[in-house]
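Written out below as structure tokens is the structure these notes cover.
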Amino acid sequence: MKKFKIGAISLLTVLVIAIIGVLTVHTSATDRLNPLVSETVSYAKVPKNTQNYKQVTIINPKDGKTRAYKIKQVGGYDPNQKYVKIHHKGQYVKSISYIKKISFITNNKNF
């Protein structure tokens, strides 16, 4: 019976630590699982001649201002485009789509 109590307490402790980790650490994997992070759409200007974008500054389409955080890594598929629409949940990027400059400017009041 004593071994069961120790095992149950150990398992409970591990579960609590795992839940706290998912809720506080912001990576692509944890944000995908975290129910407190909402899915949103942002816009970004990305460098040309690459398909691997790092530390992407994202813009909130509602007010045209940059968000308080950057997306650490976004994979693209067209090295000749500069403007993207990013569907993301925190650091987890669900999808991106390339847009024209006029759409980017229209959706972002600061440009």
Side-chain angles (χ1 to χ4, degrees):
M1 189 67 167
K2 189 173 185 179
K3 286 184 181 182
F4 176 75
K5 286 182 182 180
I6 292 173
I9 290 172
S10 298
L11 181 62
L12 185 61
T13 303
V14 168
L15 286 173
V16 167
I17 291 171
I19 290 170
I20 290 171
V22 167
L23 296 176
T24 58
V25 176
H26 293 285
T27 66
S28 179
T30 58
D31 283 351
R32 184 177 191 175
L33 299 172
N34 190 342
L36 301 177
V37 177
S38 61
E39 190 171 318
T40 187
V41 174
S42 297
Y43 293 88
K45 184 176 179 183
V46 294
K48 286 180 117 180
N49 301 321
T50 185
Q51 293 175 313
N52 190 14
Y53 314 120
K54 296 183 186 226
Q55 296 298 324
V56 177
T57 301
I58 52 178
I59 299 167
N60 184 348
K62 292 179 183 171
D63 60 8
K65 296 181 180 179
T66 58
R67 293 198 186 260
Y69 62 95
K70 294 181 179 186
I71 295 183
K72 294 177 187 168
Q73 184 170 356
V74 179
Y77 53 88
D78 190 348
N80 298 319
Q81 299 291 326
K82 287 175 65 173
Y83 304 100
V84 293
K85 180 179 181 180
I86 304 171
H87 295 268
H88 64 98
K89 186 176 173 189
Q91 292 294 320
Y92 169 66
V93 176
K94 187 172 184 179
S95 68
I96 70 165
S97 55
Y98 289 92
I99 58 173
K100 301 285 183 198
K101 184 177 182 177
I102 191 70
S103 299
F104 181 79
I105 292 171
T106 303
N107 289 314
N108 302 294
K109 299 169 183 90
N110 291 340
F111 289 95

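Positions are given from 1 along the sequence. Just the heavy atoms: all of them, side chains too, but no hydrogens, waters or symmetry mates, feed the values below.
- Minimum interatomic distance between Ala44 and Val56 (heavy atoms only, all atoms of both residues): CB-CG1, 3.5 Å.
- A pairwise comparison of heavy atoms in Thr57 and Lys70 identifies OG1-CE, 3.3 Å as the closest pair.
- Across His87 and Val41, no two heavy atoms sit closer than the pair ND1-CG2, 3.3 Å.
- Annotation: Tyr77, atom OH; neighbour count of heavy atoms from other residues, nucleotides and ligands within 6.0 Å is above 12.
- Looking at Lys65 and Asn60, their side chains never come closer than 4.5 Å, going by heavy atoms from C-beta outward.
- Linking ILVMFWY side-chain heavy atoms closer than 4.5 Å, directly or via other members, places Ile86 and Tyr69 in a single hydrophobic cluster.
- Leu11 and Val16 fall into different hydrophobic clusters, where Ile, Leu, Val, Met, Phe, Trp and Tyr are joined by side-chain heavy atoms under 4.5 Å apart, directly or via other members.
- In this structure, the side-chain hydrogen bond (donor to acceptor under 3.5 Å, both in side chains) partners of Ser42, at least two apart in sequence or on a different chain, are Arg67, His88.
- Taking all atoms of both residues into account, the shortest heavy-atom contact from Gln81 to Lys48 is O-CG, 4.1 Å.
- In this structure Gln73 satisfies the side-chain hydrogen bond (donor to acceptor under 3.5 Å, both in side chains) test together with Asn52, sequence neighbours excluded.
- Under the 4.5 Å side-chain heavy-atom criterion for ILVMFWY residues, a single connected hydrophobic cluster contains both Ile58 and Tyr53.
- Of all heavy-atom pairs spanning Lys72 and Gln91, the tightest one is N-OE1, 2.8 Å.
- Considering CD1 of Ile17 and CG of Leu12, their distance stands at 10.0 Å, rounded to 0.5 Å.
- Considering CG of Leu36 and CG of Asp31, their distance stands at 10.5 Å, rounded to 0.5 Å.
- With rounding to the nearest 0.5 angstrom, the NZ atom of Lys45 is 4.0 Å from the NZ atom of Lys82.
- The same ILVMFWY cluster, assembled from side-chain heavy atoms under 4.5 Å apart, contains both Val84 and Val93.
- In terms of hydrophobic clustering, with Ile, Leu, Val, Met, Phe, Trp and Tyr side chains grouped at heavy-atom distances under 4.5 Å, Ile71 and Ile96 are assigned to a common cluster.
- For the pair Tyr43 and Ile99, the minimum side-chain heavy-atom distance is below 4.5 Å.
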